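A short worksheet on the structure shown next.
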Amino acid sequence: MDLLRFLEHPSFLLFRRFSHANIDRSLNRRRKLLKQSHWWKNYSPESTSTVKWTTLSHHGVIFPPPYSPHKIPIIYEGNPIILKPHQEEAATLWASVIGTQWETKETFRKNFERSFLETLGKRHKIKSLDKCDFSQIVEYLEKEKENKKNRTAEEKRAEKEEKLALYKKKGYAVVDGVKEKILNFVVEPPGLFRGRGDHPKAGLIKRRIMPEDVTINIGEDSKIPKCPVRGHKWGNIVHNHTVTWLAYYKDPILPNSFKYVWLAATSKMKGLNDMLKYEKARKLKEFIDKARESYWSKIKSRILLDRQLGSALYLIDKLALRVGNEKSNEEADTVGCCSLRVEHIKFEEDNKITLDFLAKDCMRYYNTIQIDPEVYKNLQDFTKNKDLDDDLFDLIRSNTLNDYLKSLMEGLSSKVFRTFNASIRLQEQLAIFNEKNLQLEDKMQFFIKANKEVALLCNHQKTVPKNFDNQLERINSQITKKKSKIENLENHAKELRKKKRLAKSENVKKRITTNIKNTKKMIEKVKDDIEKLETRIEMKEDTKNIALETSKINYIDPRIVVSWCKKNKVPLDKVYSKSLKEKFKWAMNTEPDWVF
DNA sequence: CTAGGAACTTAGTAGTAGTAAA
DNA sequence: TTTACTACTACTAAGTTCCTAG
């Protein structure tokens, strides 16, 4: 039953044994809350219009604490040098990177050095990073870390409380009367830019953001938040109803982009968009036959441009590739479908191709796959008379492809194919499952395997944890222990049987028989444990470099997951963390027989 | 018609807090 | 009680998409 109706139902009221006044107050409160939070029950098309909010109030953004100098010198050619605070801050940022992978990265080092020397000024005696000895600062940082680790429980509690209080005070916005969490209400602190892969700007000092850098978006009737840094003021105040951001500031590294302050995933603004994303993917389900027919006719077209369009979409559909926009040379050299170059594709026997390129986040996409001969031939054609660094699809770009998609279905774009195929893939994999009597662990194992298929499709990877081998080793030693335990138990059983044979009284025999039975039971249990540990190892090994969460968060329609869990009596907590359950609260009431 | 701006989604990793094992 | 893992969350980088100005 609808929760609201239930709350109003006489049996509920009776059950609570509230006084009437209390009931009224409580109901009103709840009704208000329900009306506010159950947006998915009665969302209307206009909620997706260009007006994103009517009233909006919040507390602006807050800033990381100012730098407090430690006055520890760096040693330069044998001389200790105490730097000015802002210079010392830069030096300390570098010190915090020493011993990590970043320290030895060529670009990172070069860029930091340039940034650092600039901070010091031309006439400073420090001329080279290589000659700087940061070890005293490193030592200091280590001590600080140690101190932090050794805080008393009381201190930790106080800190936690303080954090919570800040969150309560500043961490939410009120949008059209609904209180919503903010995703990132603290601006990014200064740091060294950790661009991924071979990013040309990695290592640059990311400067401190000041209130003057920040534009606040807030309702006309709302109180303008007080600037939290004394002596400073907000850069700008706007009242833009057509956007969802609460504030933005210029990206301190990339001159043409911004950092935005948004509501959390639990908010209506984000949740509704998320739901609509999946609805769009479901709409593609209706159009997919038509779309595939269309790109197949293009693949066979005599017009080169069409052959490129058709073949590109074929790859996007079949391999769930990203569309691949062009990138400037201020960014790492990564590609997607439309930006593939000749060097990224190899033609093998039997209509197989190998794609080998760096994708988003410099994750390597490496896949050998058999494709249809028509596409194989097309792709081969596209590489003719080209250099290795020429575009494979030289006549099209992401927008060409997206324009074409618009002609197939309203609102269709390339990324919808990824969502569509990922969700479909999970649903298909889960549909294979029909053994209802499995243990929960086995069900979970099955789910993880299905999830893994999606992650593989989308090429979602993660680095293998540092001490992964140790972890396996530990489980293995547990198995060894349990195996020797079984041996002992078996010996014990053997002896019991011997005793039973020699026993005279019936009573003793009976007692020994129960003992034997119990021992056997124990053996079974330990064997079961071993089996569980073994599958745990297997699963761990199997997914050690695969990121399962990414697809769960971004690509898999949560309704597929919820319905499967309900149908198979798997508690949702097994699949979704607390925050994911909140993010997907709009999908929590999905019926067991729901289909994507 | 194209380049780049603006806004929003998707992505992996670092660090932390809570929990299990020793 | 300490140590070691594990499971999350916080963080922020890196994509896509759509739009507008020239």
Side-chain angles (χ1 to χ4, degrees), chain A residues 50 52 64 96 100-102 145 148-149 156-157 159-160 163 167 183-189 191 193-197 199 201-202 206 215 217 240 242-245 248 250-265 269-270 273-274 276-277 322-328 331-332 334-339 358-363 397-403 405-406 411-416 418-419 422 455 458-463 465-468 470-471 474-475 477-478 481 540 545-555 573 576-580 582-583:
Chain A
T50 49
K52 303 292 168 59
S96 72
T100 69
Q101 41 144 165
W102 302 100
K145 211 172 171 184
K148 203 181 168 200
K149 219 172 95 189
K156 281 186 197 163
R157 198 191 52 78
E159 247 172 64
K160 199 174 164 186
K163 213 171 149 191
Y167 207 92
L183 177 69
N184 52 336
F185 64 101
V186 184
V187 303
E188 292 175 17
F193 179 64
R194 284 148 139 88
R196 314 248 167 91
H199 196 296
K201 295 199 164 190
K206 223 172 84 171
T215 296
N217 188 28
N240 187 345
T242 68
V243 294
T244 63
W245 50 264
Y248 79 79
K250 257 210 165 100
D251 188 310
I253 293 292
L254 306 162
N256 293 327
S257 46
F258 302 103
K259 298 280 189 180
Y260 293 86
V261 175
W262 273 300
L263 295 177
M269 275 186 192
K270 292 287 181 191
N273 276 353
D274 205 34
L276 293 173
K277 173 182 83 185
R322 296 183 191 82
V323 69
N325 290 304
E326 287 117 301
K327 298 184 75 180
S328 79
E331 301 166 276
T334 62
V335 299
C337 186
C338 293
S339 47
L358 289 184
K360 183 178 180 182
D361 291 294
C362 289
M363 290 292 121
R397 295 155 169 234
S398 60
N399 63 328
T400 331
L401 190 60
N402 279 339
D403 287 349
L405 292 178
K406 295 279 174 301
L412 187 60
S413 68
S414 307
K415 84 186 193 67
V416 183
R418 247 166 100 80
T419 316
C458 296
N459 197 40
H460 291 144
Q461 297 177 250
K462 65 170 191 203
T463 49
K466 253 184 256 140
N467 46 1
F468 182 80
N470 285 346
Q471 289 170 20
R474 290 172 77 90
I475 303 178
S477 76
Q478 278 183 41
K481 265 188 211 158
K540 240 180 139 109
N545 58 349
I546 299 174
L548 297 173
E549 285 297 292
T550 311
S551 50
K552 245 197 262 181
I553 296 170
N554 300 300
Y555 288 102
D573 318 273
Y576 285 145
S577 67
K578 192 174 155 242
S579 63
L580 274 192
E582 264 193 73
K583 168 176 168 147

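Given the structure is predicted, the values throughout are model-derived calculations rather than measurements.
- For A/W262, the side chain to side chain donor-acceptor pair (under 3.5 Å) partners are A/T244, not counting sequence neighbours.
- Within the 4.0 angstrom heavy-atom criterion, no nucleotide atom of any strand lies near A/G191.
- Annotation: side chain to side chain donor-acceptor pair (under 3.5 Å) contacts of A/K462 (sequence neighbours excluded): none.
- Residues passing the ring pair (Phe, Tyr, Trp, His ring centres under 6.0 Å) test with A/F468: none are found, sequence neighbours excluded.
- A search for salt bridge (charged side-chain N to carboxylate O under 4.0 Å, His left out) contacts involving A/K277 returns A/D274, not counting sequence neighbours.
- Contacts of A/P189 with the nucleic acid, taken as non-hydrogen atoms under 4.0 Å apart, involve only primed sugar atoms and P, OP1 or OP2.
- Using a 4.0 Å heavy-atom criterion, one finds that A/S257 contacts no nucleic acid atom at all.
- Not counting sequence neighbours, the partners of A/Y248 by the ring pair (Phe, Tyr, Trp, His ring centres under 6.0 Å) test are A/W245, A/F258, A/Y260.
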Assign a letter to each nucleotide of nucleotides 2-8 of chain B from its 5' end: B, base within under 4.0 Å of a protein heavy atom; S, sugar-phosphate only; -, no contact. -S-SSBB
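- Here A/K201 lies out of heavy-atom contact (under 4.0 Å) with every strand.
- Proximity of a side-chain donor or acceptor of A/K201 to a complementary backbone N or O of A/I253 within less than 3.5 Å is detected.
- Side-chain atoms of A/K406 come within 3.5 Å of backbone N or O of A/L412 as a donor-acceptor pair.
- A search for side chain to side chain contact (heavy atoms under 4.5 Å, CB included) contacts involving A/A265 returns A/K583, not counting sequence neighbours.
- In this structure, the side chain to side chain contact (heavy atoms under 4.5 Å, CB included) partners of A/S339, at least two apart in sequence or on a different chain, are A/V335.
- Each of A/L412 and A/L254 has a nearest nucleotide on DNA chain C; the 5'-most of these lies closest to A/L254.
- Contact annotation for A/K250: no contact, since no heavy-atom pair falls under 4.0 Å across all strands.
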Determine, for nucleotides 12-22 of chain B in 5'-to-3' order, which nucleotides have protein heavy atoms under 4.0 Å from the base (write B), from only the sugar-phosphate (write S), or from neither (write -). BSS-S-S---S
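- The side chain to side chain donor-acceptor pair (under 3.5 Å) check on A/K360 picks up nothing, with sequence neighbours excluded.
- Chain A approaches DNA chain C over the interval C/dA4 to C/dC18, counting the first and last nucleotide 5' to 3' with an atom under 4.0 Å from its heavy atoms.
- Comparing A/Y576 and A/K406 along DNA chain C, the residue whose closest nucleotide (by nearest heavy atom) sits nearer the 5' end is A/Y576.
- Residues satisfying the side chain to side chain donor-acceptor pair (under 3.5 Å) test with A/N184, not counting sequence neighbours, are none.
- Phosphate proximity of B/dT9 to A/K277: absent, as no side-chain N or O sits under 4.0 Å from OP1 or OP2.
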